[in-house]
A.B. asks: 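Attaching a single structure in structure tokens format; questions to follow.
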There are 2 protein chains.
Amino acid sequence: MRTDLRLVRYFVATAEDLHFRRAADRLGIAQPALSRAIQALETELGVALFIRSNRNVQITPAGRAFLGRAYEILSLMERATEEVRSAHDGRIGSLRIGYTDFAIAGPLPTLLKDFQERQPQITLKPQHGVTLTQMHRLAEGKLDIGFVTGPVSKDGYDQHPVQSERFVCVCADSHPFAERDAICLADLADEDFVHGNSTDWQHFYDYLIPLCRRAGFVPRIVQEAFNTAGILGLVSCGMGVTVLTEDVCSALAPGLVVVPIEDVTERLITSAIWRRDHVVGPTRHFVDYLQALPAPQHPT
Amino acid sequence: MRTDLRLVRYFVATAEDLHFRRAADRLGIAQPALSRAIQALETELGVALFIRSNRNVQITPAGRAFLGRAYEILSLMERATEEVRSAHDGRIGSLRIGYTDFAIAGPLPTLLKDFQERQPQITLKPQHGVTLTQMHRLAEGKLDIGFVTGPVSKDGYDQHPVQSERFVCVCADSHPFAERDAICLADLADEDFVHGNSTDWQHFYDYLIPLCRRAGFVPRIVQEAFNTAGILGLVSCGMGVTVLTEDVCSALAPGLVVVPIEDVTERLITSAIWRRDHVVGPTRHFVDYLQALPAPQHPT
DNA sequence: TGCGCATGATGCCGTTTCGGTATCAAAATT
DNA sequence: AATTTTGATACCGAAACGGCATCATGCGCA
């Protein structure tokens with residue numbers, strides 16, 4: 001038998017009253033039960049906590065030492081109980097948020113800042129990851145909310161669109177396209193492309209490849225880069241052109257030009273996504289926050 | 001049912017393993033018992049601590065919040081258990097020591113200092129009190145060790161002599177006795193006496209009165225004072241003479257003279273005294289310390 | 001001095017809690 | 001499709017807890 005909190009509570013009451021019957025009354029038990037419980041505690045600790053007579057009860061020095069700690073333990077247990085309930089309510093705790101290059105270039109930073117001001121007790125933990133990585137981490141319970149290239153069809157998950165971007169062409173300022181107001185997608189048929197690798201960027205390719213096929217070509221990827229910064233770096237060196245989204249290109253480095261693609265009306269959707277069975281604590285608060293936002297601008 | 005430490009321990013093991021059967025093995029119980037215990041804890045708290053599947057177990061945000069506190073609670077309980085045992089051993093705690101005017105004028109301060117150096121974890125709490133007061137406080141358990149005018153015959157108490165003092169006469173330097181090398185006790189027969197009140201000083205009178213009777217007189221107390229300082233103050237004003245002990249008079253204020261009483265060989269004994277049923281913790285250490293001391297000097 | 005009272009301890013018993021074995025349910029793996 | 005893995009549930013016996021009755025002891029009072 002290990003000392004448990006019931007015995008600690010009984011001990012505290014007895015130490016406060018120094019009278020077994022009165023302490024038992026206070027605890028709502030019979031005096032003999034209290035007598036036995038204190039004896040059990042003394043046996044467990046191997047130390048006499050009280051000196052008893054039929055006239056009075058005195059606490060021993062060891063009992064006095066234990067009393068201070070007993071108060072601390074009971075207080076800490078109460079605090080822990082309160083905090084676990086607060087964490088469940090979502091009033092405290094951490095929120096692990098994944099994001100893609102597209103997400104971080106869009107309204108997400110503003111959203112996070114706003115949410116943080118509303119819920120200062122919640123610690124935000126942003127983590128970069130391509131859509132594929134984020135989906136794995138959601139499944140493993142290592143991520144609470146993902147911001148991914150969507151929409152994603154997956155059972156057990158809910159999502160909410162937060163961003164909708166046009167596709168644009170990006171080329172070096174020395175490229176012929178740089179002089180044009182706009183191009184058509186078919187104009188890219190013979191161009192060398194720079195993009196991300198096919199595994200990490202598979203969700204982006206799920207948009208791009210069908211569009212190009214419909215325009216009659218398969219994009220010729222001549223260079224791969226790790227992320228958008230890498231892609232743009234290669235493009236500015238004249239290695240090729242690329243197709244990205246308008247938000248990613250809103251603040252371009254010198255030497256690069258954004259050219260609209262006038263015959264593509266499809267948009268890249270970035271959605272917040274979470275596991276349906278994980279909407280507790282801070283996650284619930286964040287989901288509620290997202291769903292209270294106006295829908296992303298999406299003109300027809 | 002209130003959350004107890006057994007459930008906290010089970011929770012910690014489960015959170016560490018994230019696998020019910022392995023955690024149960026670790027705890028030395030069957031997996032179903034652990035499953036039920038965690039469910040009971042979740043019911044008690046009203047919060048899900050884990051997400052279960054037949055393939056894996058994940059901890060919820062609330063569970064993570066609770067885990068930190070669980071470690072603290074278990075650690076605090078261990079520390080409390082260790083400390084109560086140390087207090088019983090006497091390695092920590094406090095020691096309430098009573099002392100009379102005679103005791104504090106003798107070797108007691110030196111003893112306390114020495115003991116304190118040997119047991120720095122024990123807090124000494126000295127409390128002045130006449131013998132009668134100290135005996136009450138010992139009986140009430142509000143004092144651990146008394147230093148009283150002894151010997152005391154009282155059941156349930158043990159004592160150890162620490163001090164043995166000759167009786168001396170103290171008078172103002174203008175008094176005729178001041179010119180003498182020594183007096184006899186009978187020389188005090190017609191003198192006005194200054195002393196403590198008969199209640200507080202009853203143990204001292206238990207020595208003095210029989211001695212005076214044997215010398216053929218009853219001392220004429222004309223003035224009472226609260227303590228030795230008060231007595232000596234009145235004597236130096238010429239209100240009368242007094243009989244005290246040599247240690248009390250070892251550092252006299254100007255205007256007072258100590259005159260030996262050559263025909264009195266009896267000595268005032270100051271003894272350490274404690275309740276036999278209270279020799280635990282720091283008290284035990286102090287008693288052991290005292291009993292290891294050489295006996296007080298007591299020439300024949 | 002004897003009796004009554006107060007109070008913690010102990011005995012006996014019923015109720016509740018805890019833990020074990022066996023089994024079920026569901027998902028993943030082979 | 002069969003097997004394996006793993007947490008949940010059912011049934012049962014053991015252990016723990018608490019209540020009532022009673023005992024033991026010391027103190028206070030007449």
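Everything numeric in this text was worked out from a predicted model, so none of it was measured. Each chain gets a letter, A, B and so on, in the order the sequences are listed, and its residues count up from 1.
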A.B. asks: Could you tell me whether B/Asp17 and B/Arg26 make a salt bridge, using a distance below 4.0 angstrom between a side-chain N and a carboxylate O?
C.D. replies: yes
A.B. asks: Heavy-atom count around A/His136 NE2 within 6.0 Å, excluding the residue itself: above 12?
C.D. replies: no
A.B. asks: Rounding to an integer number of Å, can you tell me how far A/Arg9 CZ sits from D/dC17 P?
C.D. replies: 12 Å
A.B. asks: Can you tell me how far P of D/dT5 sits from NE2 of B/His19, to the nearest Å?
C.D. replies: 10 Å
A.B. asks: What is the distance from CD of A/Glu44 to C1' of D/dA16, rounded to the nearest Å?
C.D. replies: 14 Å
A.B. asks: Is any side-chain heavy atom of B/Asp101 closer than 4.5 Å to a side-chain heavy atom of B/His128?
C.D. replies: yes
A.B. asks: Parallel, tilted or perpendicular: which one describes the rings of B/Trp201 and B/Phe204, with boundaries at 30° and 60°?
C.D. replies: perpendicular
A.B. asks: Please find the pair of heavy atoms, one from B/Tyr207 and one from B/Pro151, that lie closest to each other, and give the distance.
C.D. replies: OH-CD, 3.7 Å
A.B. asks: Toward the 5' end of DNA chain D, which comes first, A/Gly28 or B/Arg22, by nearest nucleotide?
C.D. replies: B/Arg22
A.B. asks: Give a yes/no answer on whether the side chain of A/Arg6 brings an N or O atom under 4.0 Å of OP1 or OP2 in D/dG18.
C.D. replies: yes
A.B. asks: Would you classify A/Ala30 as touching base, sugar-phosphate or nothing, given that sugar-phosphate means primed atoms plus P, OP1 and OP2, and contacts are heavy atoms under 4.0 Å?
C.D. replies: sugar-phosphate
A.B. asks: In whole angstroms, how far is the P atom of C/dG19 from the CG atom of B/Asp25?
C.D. replies: 15 Å
A.B. asks: Run the salt bridge (Lys or Arg N to Asp or Glu O under 4.0 Å) check on A/Glu82 and A/Arg85 step by step: do they pass?
C.D. replies: CA-CA 5 Å; A/Glu82 169 55 30; A/Arg85 287 175 180 152; 5.8 Å; no
A.B. asks: Tell me, for nucleotides 10-15 of chain C in 5' to 3' order, what letter each nucleotide earns: B for a base near a protein heavy atom under 4.0 Å, S for only sugar-phosphate near one, - for neither?
C.D. replies: BBB---
A.B. asks: Roughly, in whole Å, what's the span from CG in A/Asp4 to P in D/dC17?
C.D. replies: 7 Å
A.B. asks: Are B/Arg36 and B/Glu42 close enough for a salt bridge, meaning some N to O gap below 4.0 Å?
C.D. replies: no
A.B. asks: Kindly calculate the angle separating the two end axes of the helix from C/dT1-D/dA30 to C/dT30-D/dA1, each obtained from five base pairs, and round it to 10 degrees.
C.D. replies: 10°
A.B. asks: Once you round it to whole Å, what is the distance between P of D/dC17 and CG of A/Leu5?
C.D. replies: 13 Å
A.B. asks: With a 4.5 Å heavy-atom cut-off, do B/Trp274 and B/Tyr157 have their side chains touching?
C.D. replies: no
A.B. asks: Are B/His19 and B/Val57 close enough that some pair of their side-chain heavy atoms sits under 4.5 Å apart?
C.D. replies: no
A.B. asks: Report yes if at least one side-chain N or O of B/Tyr10 is closer than 4.0 Å to OP1 or OP2 of C/dC18; otherwise report no.
C.D. replies: no
A.B. asks: What string of B, S and - do you get for nucleotides 24-30 of chain D, 5' to 3', when a contact is any protein heavy atom under 4.0 Å?
C.D. replies: -BBB---
A.B. asks: Mind calculating the distance between CD1 (B/Ile38) and C1' (C/dC18) to the nearest angstrom?
C.D. replies: 14 Å
A.B. asks: Give the rounded distance in Å between these two atoms: CG of B/Asn56 and P of C/dT29.
C.D. replies: 11 Å
A.B. asks: If you count heavy atoms of other groups shown closer than 6.0 angstrom to CZ of B/Arg213, is the number above 12?
C.D. replies: no
A.B. asks: Given C/dA9, D/dA8, C/dG20, which nucleotide is nearest the side-chain atoms of A/Phe20?
C.D. replies: C/dA9
A.B. asks: Is the shortest heavy-atom distance from the side chain of B/Asp200 to the side chain of B/Gln202 under 4.5 Å?
C.D. replies: no
A.B. asks: By the definition side chain to side chain contact (heavy atoms under 4.5 Å, CB included), identify the one residue from B/Leu268, B/Leu108, B/Ile269 that meets it with B/Phe102.
C.D. replies: B/Leu268
